[in-house]
Protein chains: 2
Amino acid sequence: MKKTCGTCDMRGMLSFQILWLLSKKSMHGEELAEEIEKRRGAKPKAGTIYPALKELKNNGLIEGKKDGKIIKYVLTKDGKDEVKRAKAYFIRSFKDILLSD
Amino acid sequence: MKKTCGTCDMRGMLSFQILWLLSKKSMHGEELAEEIEKRRGAKPKAGTIYPALKELKNNGLIEGKKDGKIIKYVLTKDGKDEVKRAKAYFIRSFKDILLSD
DNA sequence: CGCAGTATATAGGATAACCGATATATTTAA
DNA sequence: TTAAATATATCGGTTATCCTATATACTGCG
């Protein structure tokens, strides 16, 4: 994914952002990539998003329900817990940046 | 730095967080490391924070004013602009996460 | 002065995110 | 039924963050 921001390259935030999006709504890979594009301005490539989804699945945080060529991803119980934990950590790290004028 | 959060390792956010902290207050390396520790829960090691500062200096975003053994870092004009740009990007990417209940 | 503590610095290496290219399966269009 | 488009998948490689040493400079204290 092209770097849209010189200073913060968001490396390491992809899995978190995926989990958070799935906590709002079940989606498939393409849909997730588009949602992330809306936010970051650059769309994660197939070679980025699918390995990330595989990793999350291997870690038991999401599971995929296949329907034809589309795989809809849903958070597992562990995934929901992880979103909570990760979000708390994220907020503790950055809330003052967001809240500053 | 140890991973405090399984899903989001914050890789790539260090420079941004340093710049933002410096936009609030001029600080030296140790001080920055402590401020980051307050937020992330883990303190960046010397081998992490000083190369990051060097990089920012090389890019003309900060400059260091040496006073004895202490080097106080200040944002340059370019640094201030970059903080603005990076912050706008950060907020666009993550504000819905920070604002969700 | 000599020693401990603090702040800065750098080299070397591990990790992992991400991409480019490529391949496969399914659906739709023609 | 064949072609095009969509969705998923994997591999190899690059890049940059971050860490573990280790080293140096300055300060203060005895």
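First the proteins, then the strands, lettered A, B, ... as listed; each starts at 1.
- Relative to the side chain of B/Lys45, the nucleotides D/dT20, C/dT8, D/dA7 differ in distance, and D/dT20 lies closest.
- With D/dT10, D/dA7, C/dT8 as the choices, the nucleotide that has an atom nearest any side-chain atom of A/Lys54 turns out to be D/dT10.
- In this structure, the side chain of A/Ser93 engages the main chain of A/Tyr89 through a donor-acceptor pair within 3.5 Å.
- Residue-level contact check: A/Ala46 touches the bases, meaning some heavy atom is under 4.0 Å from a base atom.
- The NZ-P distance, from A/Lys43 to C/dA17, rounds to 21 Å in whole Å.
- The environment of NZ in B/Lys80 is sparse: at most 12 heavy-atom neighbours from other residues, nucleotides or ligands sit within 6.0 Å.
- Remark: B/Asn58 CG is packed, more than 12 non-hydrogen atoms of other residues, nucleotides or ligands lying under 6.0 Å away.
- Side-chain atoms of A/Tyr50 lie closest to D/dA7 of the nucleotides C/dT8, D/dA7, C/dT10.
- Residue contacts for B/Gly47: at a heavy-atom cut-off of 4.0 Å it reaches a base atom on one of the strands shown.
- For A/Ile70, taking side-chain heavy atoms from C-beta onward, the closest of the listed nucleotides D/dA7, C/dA9, C/dC18 is D/dA7.
- For the pair A/Lys72 NZ and D/dT6 P, the interatomic distance rounds to 21 Å; values are reported in whole Å.
- Distances were taken from every side-chain heavy atom of B/Ile71 (C-beta onward) to each of C/dC18, C/dT8, D/dT8; the shortest belongs to C/dT8.
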Exercise. Should A/Arg39 and B/Asp96 be marked as a side chain to side chain contact (heavy atoms under 4.5 Å, CB included) after you check the CA-CA gap, both sets of side-chain angles, and the distance that decides it?
Worked result: CA-CA 9 Å; A/Arg39 292 167 173 77; B/Asp96 51 359; 2.6 Å; yes

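- The base of C/dT27 lies outside donor-acceptor range of the side chain of A/Lys69, with no N or O pair under 3.5 Å.
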